[in-house]
Amino acid sequence: MVEKKRVIHQLEEVLELDEGTLSGHELLKNIENWDSLNILGFIAMVDENYSISINPEELEKCESVDELISLIEKKLS
Amino acid sequence: MENLIDFEGKRILVTGASSGIGKETCMLLSRLGATVVLVARNQSRLESTKAHMNGTDHVILNFDLNEPHHLNEWFKTNKSLIGTLDGLVHCAGISYTQPLKFMKSMFVEETITVNLTSAIYLIQGFLQKGIRAPQCSVVLVSSVMGLVGQPAISAYSASKGGLISLTKSLALELAQSQVRINCVAPGYVQSEMMDAQKKIISDDQLQAIEKQHPLGFGKPLDVANSIIFLLSSMSSWITGTTLIVDGGYTTH
């Protein structure tokens with residue numbers, strides 16, 4: 001199991017958003033900093049913190065922050 | 001019929017011999033009659049390269065280029081196996097794709113060390129007395145990323161650009177010693193390095209990169225052909241230069 005709050009906090013760090021900005025339901029396409037460069041940083045962060053690799057195709061299928069968290073959970077199980 | 005590219009009786013040391021451009025260079029050299037000293041970290045992949053080569057006298061040696069300051073000693077210790085070298089090719093290299101703000105020092109250090117710093121010590125080791133032939137050629141594999149920029153590969157670009165400048169300085173320093181030194185700068189080549197990149201860039205991004213190559217993506221053999229040219233006597237009046245082998249990528 002992955003702690004949702006922890007992943008959100010890590011995502012906020014990658015995207016340089018203030019803590020508490022994200023709650024989970026946000027659509028990725030509406031997050032200004034969710035761009036190709038920050039996606040690379042997110043992939044590296046997930047690898048470093050959870051020892052899982054996510055590829056861009058899998059990420060493209062995620063529409064919201066909650067779906068990103070589900071993807072991480074799925075990879076961990 | 002005149003054979004302008006004949007490596008019969010020549011000995012060439014190739015780093016990064018276990019995969020990609022290095023592996024292809026070893027195989028091509030063997031078809032042209034050379035004896036090759038194959039260097040990399042992975043023994044089983046080196047054995048696999050050797051199994052695909054013509055001839056049986058080729059030598060496999062392990063070295064981890066993360067520790068390049070041991071190279072002088074390594075050359076001396078392995079002198080009898082290495083023999084007298086007519087050429088040195090540095091194909092070993094790692095890519096590191098990450099925007100600056102996410103770069104980790106461990107990966108930055110490794111990229112610069114394996115790609116650039118090790119080249120300096122390789123050449124230094126190669127030039128020790130008794131290791132190299134009176135006339136010889138060094139080829140360093142740089143990259144188009146050492147010439148032009150793209151986001152998220154700054155450490156890799158710095159290391160590959162460094163090889164180009166290193167080549168110019170050493171070409172002048174070593175000319176009187178009858179040592180030629182040149183770079184090849186490949187564009188995107190379909191290799192294990194590209195396979196690793198595919199894990200972090202999307203198919204769309206890869207297609208966009210391919211479109212920037214007028215002749216499409218390259219193959220390791222495309223680069224190996226150019227390395228062979230720079231090792232051969234056909235390039236005997238060429239030193240300090242960078243031969244761009246990129247399907248036209250840097251043209252526009």
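As the structure is a prediction and not an experimental result, all values here were calculated from the model.
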Colleague: Heavy atoms, side chains only, cut-off 4.5 Å: are A:Leu37 and B:Phe102 in contact?
Modeller: no
Colleague: Return the CD1 to CD1 distance between A:Ile39 and B:Ile200, rounded to the nearest 0.5 Å.
Modeller: 12.0 Å
Colleague: Taking atom CZ of B:Arg45 as the centre, report whether more than 12 heavy atoms of other residues, nucleotides or ligands fall under 6.0 Å from it.
Modeller: yes
Colleague: Give me a line-by-line list of donor-acceptor atom pairs from chain B to chain A that are under 3.5 Å apart, or tell me none exist.
Modeller:
from	atom 1	to	atom 2	distance (Å)
B:Gln98	OE1	A:Gly41	N	3.4
B:Lys101	NZ	A:Glu16	OE1	3.2
B:Lys101	NZ	A:Asn38	OD1	3.0
B:Lys104	NZ	A:Glu48	OE1	3.4
B:Asp203	N	A:Glu57	OE2	3.0

Colleague: Mark yes when over 12 heavy atoms from residues, nucleotides or ligands other than B:Tyr121 sit less than 6.0 Å from its OH; otherwise mark no.
Modeller: no
Colleague: What residues form a ring pair (Phe, Tyr, Trp, His ring centres under 6.0 Å) with B:His213, not counting sequence neighbours?
Modeller: B:Phe217, B:Tyr249
